[in-house]
There are 2 protein chains.
Amino acid sequence: MERKTTRAQFIAVSLKLFQQKGFKATTMRDIAQELNIEAATIYNYIKSKQALLDGLLFEIANRFHEGLSNIESSSYAPVDKLKALVNLNVRLTVEYPYHVALLVNDWKHLEEPRRSAFVKNREEYEGMVRQIIQAGIKTGALRPMDAEIATYAVLSSIRWLFLSLIHI
Amino acid sequence: MERKTTRAQFIAVSLKLFQQKGFKATTMRDIAQELNIEAATIYNYIKSKQALLDGLLFEIANRFHEGLSNIESSSYAPVDKLKALVNLNVRLTVEYPYHVALLVNDWKHLEEPRRSAFVKNREEYEGMVRQIIQAGIKTGALRPMDAEIATYAVLSSIRWLFLSLIHI
DNA sequence: CCTACCGATCGGTAGG
DNA sequence: CCTACCGATCGGTAGG
């Protein structure tokens with residue numbers, strides 16, 4: 001019988017269990033059992049449970065952040081930037097549904113100072129969205145509206161999409 | 001110095017901490033510390049941590065369920081039932097934001113067999129919403145659409161509202 | 001990838 | 001509402 005667990009398998013199983021039971025409720029022994037290895041062996045793949053969360057969270061958060069940065073620095077008109085933003089959200093959510101689930105459900109369990117860094121990253125992201133919306137209002141392409149509320153509306157669509165994808 | 005913690009205080013503190021840290025990450029000692037009592041004293045107010053979660057979850061879930069049952073058995077037209085449903089959601093979310101937060105974030109931590117009962121309750125709720133939408137389509141009051149997706153759209157609005165209320 | 005552990009913490013109980 | 005605990009579990013380490 002082949003042993004040898006790959007790092008990719010370890011990550012996939014971790015993400016699946018985090019989504020099913022939540023980060024806090026998932027123990028290293030849960031993950032190990034699913035991989036048919038001992039709990040101690042997990043530390044060949046990762047430094048700590050917290051480092052695992054950190055890596056997964058910033059991996060997907062950075063993809064969102066970088067994607068939106070590229071859109072913002074483009075020469076698109078505001079409305080086209082908005083379309084590109086929705087496209088980015090759909091694409092990332094479809095490609096990384098479990099990462100997005102972790103992002104939405106378990107970012108609170110990041111420990112300081114990384115938690116603050118994460119929140120700052122998210123606030124920058126929201127700020128970029130709001131700026132695009134405000135620019136669209138100023139050019140007249142968007143009817144006057146509360147940019148803050150519109151930002152929430154756009155961002156909450158991410159949550160909705162991943163919920164349908166993962167089927168909760 | 002007055003001692004004496006009321007049960008209402010205990011519930012309020014528990015809900016606040018569950019929202020801030022999540023159910024699993026909140027320990028009985030966290031709650032006790034916030035109330036300036038010993039952890040053991042908590043068991044004068046509740047039988048177990050699981051029973052606390054159970055009580056809070058079904059309290060709010062039943063309010064949603066009963067509210068929608070009343071709407072469904074009314075003689076309103078489908079579109080007016082839909083309006084009453086949105087009204088119900090807004091009202092309960094504004095009145096019980098922390099209960100709703102717990103409902104959205106921590107229902108997974110209910111243990112069997114109560115977890116299954118909870119999921120069944122939610123599926124009935126979703127089924128009632130879907131039926132109202134389907135009735136509205138049949139009478140022509142609503143344009144033809146995918147009732148399942150429309151149901152998700154209505155229900156996801158709950159999440160969005162409580163997120164704004166609690167400010168995450 | 002495993003054996004053999006360990007210190008810390010957690011939910012909870014006994015008995016006032 | 002407290003003191004005094006306890007069994008179970010958890011993240012993690014040492015040393016192969």
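Note on naming: letters A, B, ... go to the chains in the order of the sequence lines (proteins, then strands), and numbering restarts at 1 for each one.
Nearest-nucleotide assignment on DNA chain D puts the 5′-proximal partner with B:Tyr45, out of A:Lys24 and B:Tyr45. Along DNA chain D, the nucleotide nearest to A:Asp30 and the one nearest to A:Asn44 differ in position, and the one closer to the 5' end is contacted by A:Asp30.
The OH-C1' distance, from A:Tyr43 to D:dG15, rounds to 17 Å in whole Å. Between B:Gln33 atom CD and C:dG11 atom P there is a gap of 13 Å when expressed in whole angstrom units. Distance, B:Met28 CE to C:dC10 C1': 10 Å, rounded to whole Å. The CD-P distance, from B:Glu38 to C:dG16, rounds to 19 Å in whole Å. Rounded to whole angstrom, the span from the CD1 atom of A:Ile42 across to the P atom of D:dG11 amounts to 9 Å. The CD1 atom of A:Ile46 sits 17 Å away from the C1' atom of D:dT13 (whole-angstrom rounding). Atom pair A:Leu52:CG and D:dG12:C1' shows a separation of 14 Å (rounding to whole Å applied). The nearest whole Å value for the distance from the CG atom in A:Leu53 to the P atom in D:dG11 is 13 Å.
Distances were taken from every side-chain heavy atom of A:Ile37 (C-beta onward) to each of C:dC1, D:dG11, C:dG12; the shortest belongs to C:dC1. Picking from C:dC1, D:dC5, D:dG12 the nucleotide with the shortest atom distance to the side chain of B:Arg29 gives D:dC5. Distances from the side chain of A:Ala40 to the nucleotides C:dG12, C:dT3, D:dG11 place C:dT3 closest. Looking at the side chain of B:Lys49, the nearest of the listed nucleotides C:dG12, C:dC5, C:dC2 is C:dG12.
Both cation-pi conditions hold for A:Lys49 and A:Phe23: the charged atom is under 6.0 angstrom from the six-membered ring centre and inside a 45 degree cone around its axis.
Phosphate contact (OP1/OP2 of D:dT9, side-chain N/O of A:Thr27, threshold under 4.0 Å): absent. For B:Ser48 and C:dG11, the shortest distance from a side-chain N or O to OP1 or OP2 is not below 4.0 Å.
Between the side chain of B:Asp54 and the backbone N or O of B:Ala51 there is no donor-acceptor pair closer than 3.5 Å. Panel note: side chain B:Asn105, backbone B:Ala101; a donor-acceptor pair is recorded below 3.5 Å. Of the possible polar contacts, none joining the A:Thr93 side chain to the A:Leu161 backbone as a donor-acceptor pair under 3.5 Å is found.
Residue A:Glu59 places its CD atom among more than 12 non-hydrogen atoms of other residues, nucleotides or ligands, all under 6.0 Å distant.
Ring planes of A:Trp107 and A:Phe118: parallel class, angle under 30° (limits at 30 and 60°).
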The dot-bracket string of DNA chain C, counting Watson-Crick and G-U wobble pairs with both distances under 3.5 Å, using [ ] for crossing pairs and | for pairs to another strand, is ||||||||||||||||
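Salt-bridge formation is not detected for the pair A:Arg63/A:Glu95: no Lys NZ or Arg NE/NH1/NH2 atom is positioned less than 4.0 Å from an Asp or Glu carboxylate oxygen.
Contact annotation for B:Thr41: base contact, defined as any heavy-atom pair under 4.0 Å involving a base atom.
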